[in-house]
Protein chains: 2
Amino acid sequence: MSHPNGRRPATIEDVAREAGVSRAAVSKVLRNAYGVSEGMRTRVGAAIEHLNYRPRIAARAMRGSSFTLGIEIPDFANQFFTMVLAGATTALEGTDYQLIIAPAAGGPGREGYRAIEALADRQVDGVVAISPQVSTNWLERLAEHTPIVMLGRHDASEHYDTVVGDDSEGARLVMEHLLGLGHRRIAHLTRDEEVTAPGSGTPHSLRLETYIASMTESGNGGLVRVQRSGEGDVSAYESTLALLADDEPPTAIFAGHDELAMGALRAVAEVDPGISVAGYDNVRVASHPAVSLTSVDQAGVRMGERAIRLLLERIAGRSEPVHEVIEPSLVVRGSTRPPSAGPPGS
Amino acid sequence: MSHPNGRRPATIEDVAREAGVSRAAVSKVLRNAYGVSEGMRTRVGAAIEHLNYRPRIAARAMRGSSFTLGIEIPDFANQFFTMVLAGATTALEGTDYQLIIAPAAGGPGREGYRAIEALADRQVDGVVAISPQVSTNWLERLAEHTPIVMLGRHDASEHYDTVVGDDSEGARLVMEHLLGLGHRRIAHLTRDEEVTAPGSGTPHSLRLETYIASMTESGNGGLVRVQRSGEGDVSAYESTLALLADDEPPTAIFAGHDELAMGALRAVAEVDPGISVAGYDNVRVASHPAVSLTSVDQAGVRMGERAIRLLLERIAGRSEPVHEVIEPSLVVRGSTRPPSAGPPGS
DNA sequence: GGCACGCAATGAACCGTTTCATGCGGTTCG
DNA sequence: CGAACCGCATGAAACGGTTCATTGCGTGCC
């Protein structure tokens with residue numbers, strides 16, 4: 001079935017026979033290992049060319065390494081993740097490694113696990129993952145056998161590396177900006193409970209906690225308003241409509257990430273374009289003049305690059321964990337402005 | 001190196017010993033093959049659980065199949081491709097197959113080849129690819145050993161399947177719409193020569209050819225204006241600025257795809273917001289009210305789904321090729337309107 | 001001229017799984 | 001009661017690479 005028509009592809013054995021040498025010799029030429037003469041190299045090279053030979057990575061992986069890195073991604077629709085991918089891809093350019101990407105799927109709860117396991121089962125030499133939800137214990141166990149770099153986790157494991165943005169600081173920048181503009185009635189649009197469980201240390205939980213802290217500290221504790229939303233901008237749109245149906249709707253919305261912010265913008269455009277919206281991630285469309293979304297930049301591309309570099313270091317032998325924090329910055333654009341003159345709160 | 005700390009993971013051998021049975025028996029239980037007693041199943045199951053055993057796919061792939069499908073994608077920044085990915089992912093939900101994604105990279109010219117080869121080398125059971133540029137001969141050769149479905153190719157191979165939008169029809173819809181609105185000075189913003197070589201049958205070449213034909217047929221042959229752009233909306237932005245610097249700038253721009261259209265919109269917003277812009281792919285942001293881009297919908301998500309289904313059929317044994325054409329439709333939005341009253345052409 | 005030495009090349013073992021040809025004990029049928 | 005049969009389990013041979021210990025051979029040294 002694997003070769004419906006045509007004969008089966010050449011193996012290292014065939015190459016060896018054609019070149020009149022041993023399998024071991026061919027293997028050495030392939031990996032251009034030490035101790036192979038010039039004549040051998042050219043003869044074997046010719047045979048490889050002639051037979052159109054390509055080594056099976058699966059066979060190679062059984063003893064040596066697979067020269068394959070895996071990266072797990074929650075969702076392709078969210079541009080932040082594709083920025084990370086872009087960074088990872090460029091970081092691998094020129095190396096012998098190939099990147100394979102596993103989308104998280106497999107029913108709620110199991111989301112990240114399935115994909116990461118699928119990668120590990122395929123004998124990748126290392127894994128980069130964006131999974132705030134998987135348990136630390138489980139990761140620790142996995143890390144015993146496979147080098148791992150986690151993105152967006154604030155826990156400091158002994159056995160895997162992390163690359164993470166300073167989510168508290170990022171949220172603080174947003175709140176400072178909005179409060180500075182004069183907003184008091186600021187709502188926070190965020191994801192479901194499972195991603196924002198207090199104390200879980202997920203990015204979204206930290207942003208949420210910082211939001212509440214900022215509101216409280218600025219004396220607006222009574223105006224705290226948290227609106228939940230599912231993933232995706234459509235869900236965010238609907239959630240925002242619900243939010244805006246309040247008796248006293250907010251004058252500004254701090255969205256947990258840009259995907260949500262895009263949905264919020266859509267709703268705001270319909271209901272009251274005067275309402276300010278700020279996001280998080282500084283996704284590419286945020287800079288488009290028609291959108292012009294104020295957002296926190298946490299350098300997704302650079303995060304992807306760093307993650308891959310850390311992973312390669314690990315594979316090369318490093319064993320002390322590295323936990324890298326990327327400092328966010330706020331990019332102010334047109335979607336935020338002082339509150340429009342409205343009636344003061346009751 | 002593969003297990004820096006901790007002992008090595010359990011193998012099928014360990015499970016067999018623990019359960020007091022043969023390796024072959026365990027293997028059968030794993031694949032729940034025919035001919036294994038209830039007692040055996042439970043005993044082996046317990047051992048697997050106890051040892052936390054997971055089969056190595058690499059080893060499995062050496063004899064049987066890898067239960068892994070590969071998909072090659074040119075660019076993550078272009079949302080059309082991530083829509084295809086989303087479709088492919090959902091089509092695989094519930095099956096035993098895992099999707100691995102290889103981003104095209106590896107220097108100009110080699111782009112698609114490298115990634116597709118990397119997938120084939122990893123013994124995937126089948127490949128979906130979006131590579132207008134790779135040669136038909138090369139694909140035919142590859143298809144002898146690996147089932148393949150190509151997206152966006154208009155050639156009708158005997159050995160691989162294709163899923164493709166009707167690009168001529170899509171472009172015709174756009175031109176009909178723009179001409180119907182009263183535009184005559186319509187420019188076409190497209191990619192570099194290599195992707196649009198006349199007669200190459202790539203989607204972009206067909207859109208370009210249809211554009212020229214429509215202009216000619218409508219008596220506007222003298223107003224044909226083709227502007228090249230690199231990949232990405234930034235490049236499109238710059239190219240559009242150049243286009244708008246013409247003595248007689250166009251009143252409407254037909255962009256080869258939405259990524260280009262987004263760049264064009266950016267430039268248009270700065271120079272003359274009255275200029276109409278239409279795109280192709282109906283990417284998600286196109287529907288955002290702030291963008292509101294008229295675009296051709298070719299159902300990227302469904303394309304991804306169909307491609308995976310065709311691939312699974314092939315793997316299951318089908319040998320006659322299938323070539324599926326997806327009919328496009330035009331989604332009219334705010335970015336196109338009648339030409340603003342301007343001075344008539346000289 | 002003999003000996004130790006270093007480089008090239010080799011044969012065989014190994015990696016972890018699937019598959020195939022057999023073995024084995026117990027029923028069913030003639 | 002023996003033969004054919006059946007369901008379950010097994011040992012051994014693949015699969016296609018890598019790695020390790022060993023051999024063969026030409027050199028330099030004393």
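Keep in mind the model is a prediction, meaning the values are calculated, not measured.
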Distance test, side-chain N/O of A:S37 to OP1/OP2 of C:dC7, below 4.0 Å: no
Sugar-phosphate, base or nothing in reach of A:V36, heavy atoms under 4.0 Å: sugar-phosphate
Whole-Å distance separating the CG atom of A:L51 from the P atom of D:dG17: 12 Å
Any donor-acceptor pair under 3.5 Å from A:T146 side chain to A:A143 backbone: no
Interatomic distance, A:R122 CZ vs C:dT17 P [rounded to whole Å]: 14 Å
Stepwise side-chain hydrogen bond (donor to acceptor under 3.5 Å, both in side chains) test for B:H50 and B:E18: CA-CA 9 Å; B:H50 180 221; B:E18 168 99 1; 2.6 Å; yes
Rounded distance (Å) that lies between atom C1' of C:dG16 and atom CG of B:L30: 12 Å
Residues touching DNA chain C, which here means a heavy atom under 4.0 Å, drawn from residues 52-64 of chain A: A:M62, A:R63
Nearest to side-chain heavy atoms of B:R8, which nucleotide of D:dT18, C:dG16, C:dT10: C:dG16
Interatomic distance, B:K28 NZ vs C:dC20 C1' [rounded to whole Å]: 11 Å
Any side-chain donor near an acceptor of the partner, B:T68 and A:R122, under 3.5 Å: yes
N or O in side chain of B:Y34 less than 4.0 angstrom from D:dC8 OP1/OP2: no
Atom pair distance, as rounded to whole Å: CG in B:N32 and C1' in D:dA9: 17 Å
Aromatic plane relationship, B:W138 with B:Y113 - under 30° parallel, 30 to 60° tilted, over 60° perpendicular: perpendicular
Electrostatic pair A:R314-A:D161, nearest N-O below 4.0 angstrom: yes
Residue pair B:T162, B:E324: steps toward the side-chain hydrogen bond (donor to acceptor under 3.5 Å, both in side chains) verdict: CA-CA 6 Å; B:T162 57; B:E324 200 151 311; over 6 Å; no
Nucleotide D:dC15, atom P - distance to NE2 of B:H145 in whole Å: 16 Å
Distance-only donor-acceptor test (3.5 Å): side chain B:R23, base C:dT17: yes
Under 4.0 angstrom between B:S22 side-chain N/O and D:dT10 OP1 or OP2: yes
Residue-phosphate contact under 4.0 Å: B:S27 side-chain N/O, C:dT18 OP1/OP2: yes
Between D:dT18 (P) and A:E13 (CD): distance, integer Å: 13 Å
A:R31 vs D:dT19: side-chain N/O to OP1/OP2 distance below 4.0 Å: yes
Rounded interatomic separation in angstrom, taking CD from B:Q123 and P from C:dG16: 18 Å
NZ/NE/NH1/NH2 to OD/OE distance under 4.0 Å, B:R114 and B:D121: no
